[in-house]
Amino acid sequence: MEDEGSGDRRRAAEALVSPPPRAKTVTIPVARDFIIPHAADQCRCSGFEVAEEGSPTGSSALGPASAGGGVPCEGALQDTPDYIRRSAARHRVAPLELFSSASPPPAGLGAADAVASSAKCHATEGEAVGGRQPQETRVDKSDCWGISEQQYGVLLREEEECRKLLDDLMAENELKTRECREAQESLRDLRMELMRKSMHVGSLASAVEGQVKEKSRLCQLLKALGEKFMVLKSEHQNLRQESLEYRKCVLDASQMSATIQRYVNQYVSLECEFKDLKEKFNEEAKERKDLYNKLIELKGNIRVFCRCRPLNADEIAEGASSAIDFDLAKDGELIVRGHVSSKKTYKFDSVFSPEEGQESVFEKTMPYAISVLDGFNVCIFAYGQTGTGKTFTMEGIEGARGVNYRTLEELFRIIKEREGTFLYEITVSVLEVYNEQIHDLLMTGSQPGATTKRLEVRQVAEGVHHVPGLVEARVTNMNEAWEVLQTGSKARVVGSTNANEHSSRSHCIHCVIVKGENLMNGECTKSKLWLIDLAGSERVAKTDAQGERLKEAQNINKSLSALGDVISALATKTSHIPFRNSKLTHLLQDSLSGDSKTLMFVQISPNENDVGETLCSLNFASRVRGIELGQAKKQVDIGELSRYKLMVGRAKQDSKNKDAQIKSMEERIQILEAKNKTKDLLTMNLQEKIKELESQLLVERKIARQHVDNKIAQDHLQKQHGMKEENSYSRSPMAERNLNSTAEKAAAPKDLGGISKQMFSDSNTDTYSFKQLMSLGDEKENDPEAAVQLPPTTKARRVSLCNGGAHQRPLNPASRRTSLIPLPRRNSLLPMPVAKPAAAAAAVLPLDKITENLSSPPLCSPPAVSNDKGSRSRRINSILRRSLQKKVVIRPSLAAQAGKKAAGAAAARGTDSARRAARRVPVSDGAGGQRYSRTGTRSGGGATSDQNIAAPLLLKKPVEI
Ligand SMILES: Nc1ncnc2c1ncn2[C@@H]1O[C@H](COP(=O)(O)OP(=O)(O)OP(=O)(O)O)[C@@H](O)[C@H]1O
């Protein structure tokens with residue numbers, strides 16, 4: 001609609017600017033019923049000029065529509081419903097506009113008013129047309145007059161035509177007016193309707209407006225929701241993304257957890273491994289430490305423990321810091337931060353930080369206590385600058401006892417533990433070295449600082465120094481021991497210095513002597529335990545000591561420097577060690593020169609202001625640690641040792657004497673044994689000889705019998721021919737005997753045994769020794785006459801030997817010499833070529849049978865011998881005697897065998913003495929067998945059965961053999 005309006009206005013403006021090709025004047029009758037303003041507007045807009053000239057028809061001149069190019073107004077008027085529709089449509093489109101711009105004519109306003117307003121309007125338009133007309137005329141006049149005239153004619157025709165047209169139009173106008181009226185009415189209705197509709201539309205519009213508002217609100221809401229949705233969507237998207245990521249993360253996490261689990265497992269296994277390794281390491285470290293300790297022990301080094309005290313309240317108040325670095329230090333190491341950012345590291349056997357208490361210090365000191373009870377000398381001393389805690393370490397304080405107390409406690413604990421296997425005796429001495437003088441602190445009446453009896457160090461034995469006159473208090477339990485130590489400590493000289501309120505002004509020495517006896521093996525030991533709290537070294541200028549304190553400090557420093565000299569000499573292994581330069585070193589000589597286990601506590605201060613003194617102490621301690629004393633020795637108690645030595649000496653002497661006796665006896669035994677051996681040999685020879693002789697005798701007997709038979713035969717023949725040679729034969733007394741008598745056969749050996757027994761066992765009777773017999777035999781053998789010189793008793797016995805005393809016939813040389821058996825020659829002892837069975841048979845023949853046989857002459861004797869009858873009988877007698885003698889000789893050999901048997905039995909028993917006793921059996925004098933053994937055992941009581949058997953067989957005078 002607006003476009004349409006603006007198009008109309010544009011066309012109207014064009015019509016004004018560009019004049020029509022020719023001027024046209026239209027006269028419209030004035031008389032008109034009414035003018036429809038819209039229609040007029042329409043006409044004007046369409047480029048038609050309406051000229052009201054007051055004509056009744058009210059005709060108006062309208063330009064051709066074609067000329068203006070617009071829609072002819074005429075058509076528009078004719079198409080009223082279309083116009084109304086358009087108008088209605090316009091109103092419908094903008095009903096509110098309609099109401100505002102085209103307000104309905106007020107009620108009561110008639111058609112006349114409408115016409116009037118219309119006329120007014122036309123008048124305005126006329127003026128406008130009139131205004132342009134003179135301008136057009138001026139153009140016509142000046143330019144083309146001729147043309148105007150032609151045009152005028154044309155115009156007149158046109159006027160004519162227009163009049164006609166106007167008439168038509170008037171008629172039509174009337175018609176239209178009617179229609180207009182009708183249309184007005186309908187328009188009114190329509191207006192009413194429109195109004196209603198408008199109202200309805202208004203309500204609808206307000207409703208719509210509400211709806212629109214609602215809609216816009218909803219739209220906004222929707223938009224907001226949309227935005228929210230978008231936000232949520234994006235959030236959702238994000239969350240989804242996140243969830244995906246989380247899922248991925250969860251996956252990763254599970255993977256990671258698996259990895260972690262794996263790592264955890266690995267960690268656990270590694271931890272186990274680590275634990276094992278740690279344990280192994282600890283074991284190795286322990287072993288290494290033990291080995292190191294053993295090495296040190298073997299070397300006999302002085303062990304050094306370093307202890308640092310904590311900063312005291314004053315030092316903390318002054319803001320002093322620690323110069324010792326314990327954090328970086330390894331086990332047994334100590335780092336001192338110097339003044340100039342330099343660090344110095346020291347190594348000791350143990351280092352105790354300020355936090356470590358008395359227990360941990362003693363834990364490492366304890367093995368020394370056990371060493372004392374094992375019989376080793378032990379020396380524990382504390383060294384260091386004044387106020388660094390020497391007394392604290394050694395003595396301690398109430399509630400934190402030091403090494404002294406704990407060591408004694410441990411000693412008594414172990415003593416109790418070893419009760420039954422060891423016996424201990426403990427004595428305690430307390431002394432001090434004050435101003436180079438030794439004082440006994442247990443001396444009655446000794447007060448701190450009071451002058452007591454001066455003591456000196458004396459060497460009592462090689463490597464043993466002692467202080468004679470020192471009180472040694474015997475203690476049996478810890479309470480007593482502690483009481484004694486306390487008594488001594490109380491008597492010690494203590495003074496106040498700038499460095500320490502209770503500074504020790506003397507070297508305090510506790511000496512614990514432990515005498516031990518091993519009840520199992522009787523070993524006795526006497527060991528010493530020195531517990532020494534040295535006085536502290538101090539810089540006199542620093543402590544500002546004066547008077548007595550200065551003197552004390554000088555003496556302390558002097559003795560400590562003497563100790564330093566000794567340490568240096570020991571470290572450099574100098575031949576001369578200046579132990580005697582001070583009382584302290586003199587006292588410590590035993591502990592510092594070997595035979596002892598020595599432990600030194602070097603006490604230091606953590607204060608950075610004391611770093612100079614600390615370094616001095618540490619350097620000193622390092623030198624001490626390097627000293628090798630050699631392995632400590634067990635201290636065997638000398639008193640007991642000498643007693644034992646004496647006993648051993650006596651025992652040795654006794655055993656020497658006994659050995660000498662034994663030796664001499666053994667020599668005698670050896671001699672006797674040698675003699676026995678020779679006798680045995682002789683006996684064997686004789687036995688062999690007897691055998692030979694017996695066999696020879698048998699042969700000779702046979703020969704003799706044969707000879708006798710021959711003789712008998714000869715006698716018989718000679719009887720017949722005259723007994724010429726009857727007296728030439730004399731029968732041997734022995735031949736008279738009945739050789740076949742069995743009773744005699746049996747009695748003969750018995751008698752022989754009885755005789756021999758009687759002969760050798762009867763100590764009161766005068767008997768012949770074997771030698772005599774032998775010599776006799778020999779004599780008789782060599783000198784048959786000697787037999788005559790034998791005493792009658794001997795003869796009688798000899799006879800009894802031959803015939804058992806049954807036939808005692810006086811022996812005379814003649815009868816002997818008339819024996820049929822010839823005496824054997826010397827060489828006849830050699831084995832004879834006789835038949836062995838015969839010889840064997842002869843060997844078993846009894847002695848009486850031999851004599852019997854002797855009566856018969858040998859059957860085939862050698863002619864040289866057999867012819868000499870007297871010598872033959874002598875020979876037989878001699879053989880018989882020797883045979884008897886041999887029998888006798890056999891007895892001692894039997895006794896010797898019995899002795900040997902006893903020796904064998906003794907050897908089997910494995911006892912030397914018994915063997916000796918057994919060996920001595922044959923050599924005893926036979927008088928009851930009294931001297932058989934060295935242990936004094938007599939055969940009568942405790943001798944063995946062999947000895948008992950052998951004893952009666954012994955010769956009374958074996959030595960004479
Ligand atoms: N490890 C420690 N822990 C706690 N306090 C300590 C320790 N060491 C020493 N002290 C304290 O330091 C002070 C000095 O110690 P102590 O008297 O033992 O020194 P000292 O070396 O014996 O001195 P001096 O040589 O002058 O006799 C004491 O009060 C003691 O209690």
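Remember, it's 1-based here, ligands and their atoms both numbered in the order they're listed.
- Considering only heavy atoms from C-beta on, Glu425 comes within 4.5 Å of Arg474 through its side chain.
- Using a 4.5 Å heavy-atom cutoff, the side chains of Met478 and Leu408 are in contact.
- In this structure, the separation between CD1 on Ile380 and NZ on Lys597 is 11.5 Å, given to the nearest 0.5 Å.
- Within 6.0 Å of CD in Glu483 there are 12 or fewer heavy atoms belonging to other residues, nucleotides or ligands.
- Considering backbone and side-chain N/O of Gly389, one or more are found under 3.5 Å from N/O of ligand 1.
- Considering backbone and side-chain atoms together, Thr386 places an N or O closer than 3.5 Å to an N or O of ligand 1.
- A cation-pi contact, defined as under 6.0 Å to the ring centre and within 45° of the axis, is absent between Arg623 and Phe620.
- Between Tyr424 and the options Arg418, Glu419, Glu517, a side chain to side chain donor-acceptor pair (under 3.5 Å) holds for only Arg418.
- Checked against a 3.5 angstrom limit, the closest N/O atoms of Thr391 and ligand 1 fall inside it.
- Every atom of ligand 1 with a heavy atom of Gly387 under 4.0 Å away is listed here by number and element: 14 (C), 19 (O), 20 (P), 21 (O), 23 (O), 24 (P), 25 (O), 26 (O).
- Each of the atoms 25 (O) of ligand 1 lies under 4.0 Å from some heavy atom of Gly536.
- The shortest heavy-atom distance from Asn312 to ligand 1 is not under 4.0 Å.
- Contact atoms of ligand 1 toward Pro310: 1 (N), 2 (C), 3 (N), 4 (C), 7 (C) (distance under 4.0 Å to a heavy atom of the residue).
- Of all heavy-atom pairs spanning Arg337 and Ser322, the tightest one is NH2-O, 3.0 Å.
- The shortest N/O to N/O separation between Ala535 and ligand 1 does not fall below 3.5 Å.
- The shell of residues lying under 4.0 angstrom from ligand 1, judged by heavy atoms, includes Arg307.
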